[in-house]
Amino acid sequence: METSVVRNTALTADRAQLLWELVRVLHEGLLDAASLPQQLAEALCRRGNFKGVALLLLDSSSTALVGVAHAGISTRYPAGRIPKGRGVSWEAVHKRRPVYVPDLRADPRVYVPGGSFEEALSGLFVPLRGRQGPVGVLVVHAPGPDGIPPEDRAFLEEVAAPLALALENAQLYDRMVRAVALLSELLEVTRALAAAELDVAALCQRVVGEAVRLVPGAERASLSVREGDEYVFVAAVGYDLEGLRGVRFTEADRLRWYGLDEASLLAGKPRLLSGEEARRRAGATRPVRGAEAMDRHGDLDSLQVTLGVPIVVDGRLEAFLNLDSHSDPEAFTEESVEVATMFAQQVAAILKGARLRALLAHQATTDALTGVHNRRYMEQRLREELARAARSGDPVSFVLLDVVGLKRVNDTLGHAAGDLMLQEVAGQLRSAMRASDVVCRYGGDEFAVLLPETRPEEAARAVQRVLDALARHPGVWGEGIPVSAGVAAFPEDGRAPEALVSTADRRMYRARRLGVRVCGEG
């Protein structure tokens with residue numbers, strides 16, 4: 001009787017010391033949440049005189065238990081990552097009550113990642129329940145079979161509740177700290193991108209680089225962007241971008257690679273693919289161009305997992321961001337998906353801004369009525385071409401054209417008829433000239449054409465063919481559109497833009513007086 005009392009008194013004293021130790025660790029853990037699990041495991045192992053202690057916490061997707069702390073003999077058998085449903089730890093989570101195994105080596109339910117126990121141990125698996133549900137499992141090892149007495153088991157069950165709450169708080173705190181740090185970094189990235197005077201491709205490359213740096217688990221990345229009706233690679237980290245530039249996918253290809261339904265794609269919903277599934281889909285989704293380049297530079301053979309995020313602008317798929325891991329099939333967590341979505345939003349903003357700038361630039365340099373360039377654009381291009389020709393010695397021709405009779409048509413048939421006449425002249429000039437030539441509406445009834453690397457006689461012949469066709473073209477204005485043109489050349493008629501414009505203008509009016517369509521030198 002006396003011996004039993006002494007033993008119970010000693011156990012009570014030991015548990016009191018253990019509780020004080022846990023209180024101290026929990027208090028310090030408020031200031032250092034990241035190290036709290038390991039401190040708890042070591043305190044339990046040391047003060048509780050247990051052979052080993054491990055803490056296993058649920059990952060963000062609740063599909064695996066991850067060993068976050070090991071002390072004592074448990075360090076010999078680190079839990080690592082235990083898939084859902086494997087072993088006694090998951091049994092404790094599902095049953096929501098402790099599971100005691102008197103002999104770990106003899107029980108077939110026991111799952112030891114990477115091997116088996118080398119010595120006789122008993123184990124207690126205590127579920128850790130937080131405010132919102134399961135948090136993880138506390139695993140305690142003791143030497144020999146049936147080495148954890150009932151009073152210790154009861155004590156550990158009582159200890160599990162405050163431990164679970166502390167670990168849950170530590171997880172929330174750690175997540176909050178990471179979120180604040182991430183938002184701060186994203187803000188800096190956004191500011192840097194906004195201040196950078198870079199083109200769209202360079203901006204996308206910077207975003208992809210930052211995504212690999214900040215998205216948890218990402219090792220490589222690529223970004224494909226819509227170009228007409230196809231998608232081309234414009235940015236990559238960890239892949240040979242130059243080798244991938246010739247690869248092109250259709251929108252149907254992108255949807256098949258994405259794998260979810262079209263509504264999810266247009267909603268920008270991220271999706272995860274295992275390496276095996278990615279290889280299967282890549283085999284069934286060959287690019288319309290560059291299939292060999294994709295095989296050579298896509299590195300699909302070593303891919304473990306890929307996170308894809310559709311980038312939708314104004315209801316249309318404009319780009320697709322792929323983030324990849326080639327080392328860990330479980331690399332991407334819920335946090336990874338959230339951060340990747342933030343970067344996709346940045347790319348969407350870049351593309352939308354580029355589209356707006358392109359629209360504004362087009363409006364600033366385009367004649368609204370005819371769709372050809374305006375005088376402002378022509379004056380800029382004329383200066384540029386003359387400067388280039390001065391360096392290279394190439395000829396340049398400049399043509400001014402006057403739509404004869406436009407005022408009469410406006411006065412007799414109305415401005416709508418006159419507008420149709422101007423649109424017809426613009427359309428004929430645009431379709432007849434080369435891609436390198438510049439056609440513009442220079443004034444009310446005047447057009448201009450800039451022909452780089454073209455001698456005046458060549459320019460005169462090209463314009464003559466257009467004017468001959470216009471002279472035969474009927475419309476509401478009657479039979480044919482009479483147009484007079486004057487041709488000036490660099491360097492024969494001057495080296496400054498003003499000289500060429502003045503000469504072409506003078507010859508245009510001479511052609512009109514002489515009743516000819518084109519007047520060149522002499």
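All values derive from a computational prediction rather than experimental measurement.
Of all heavy-atom pairs between Ala221 and Val212, the closest is CB-CG2, 3.5 Å. Heavy-atom minimum distance, Glu230 versus Val288: OE2-CG2, 3.8 Å. Contact detail for Leu244 and Gly298: the closest heavy-atom pair is CD2-N, 4.4 Å. Nearest heavy atom pair, residue Cys45 against residue Gly52, reads SG-CA, 3.9 Å. For the residue pair Ala340 and Leu323, the shortest heavy atom distance occurs at CB-CD1, 3.4 Å. The two residues Ser325 and Leu303 make their nearest non-hydrogen contact at O-CD1, 3.7 Å.
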Q. Going through the checks in order, is the side chain to side chain donor-acceptor pair (under 3.5 Å) test met by Arg254 and Tyr231?
A. CA-CA 8 Å; Arg254 290 288 80 178; Tyr231 295 84; over 6 Å; no
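In summary, of the residues considered (Leu386, Val439, Val438, Asp437), a side-chain contact (heavy atoms from CB on, under 4.5 Å) with Leu450 occurs for Val438 alone. Results of the side-chain hydrogen bond (donor to acceptor under 3.5 Å, both in side chains) test with Glu42 over Gln39, Arg46, Gln38 single out Gln38 as the only residue that passes.
Of the possible donor and acceptor atoms, none in the side chain of Ser224 sits under 3.5 Å from a partner among the backbone N and O of Phe233. Between the Arg81 side chain and the Pro83 main chain, no donor and acceptor come within less than 3.5 Å of each other. Side-chain atoms of Tyr258 come within 3.5 Å of backbone N or O of Lys269 as a donor-acceptor pair.
A distance of 14.5 Å separates NZ of Lys84 from CD1 of Ile82, quoted to the nearest 0.5 Å.
Looking only at side-chain heavy atoms (C-beta outward), Gln304 and Ser327 stay at 4.5 Å or farther from each other.
Cation-pi geometry between Arg153 and Tyr100 is satisfied (NZ or CZ under 6.0 Å from the ring centre, within 45° of the ring normal).
If you look at Phe117 and Tyr77, their ring centroids are closer than 6.0 Å.
Comment: Asp229 does not engage Arg248 in a salt bridge, judged by the lack of any side-chain N to carboxylate O separation of less than 4.0 angstrom.
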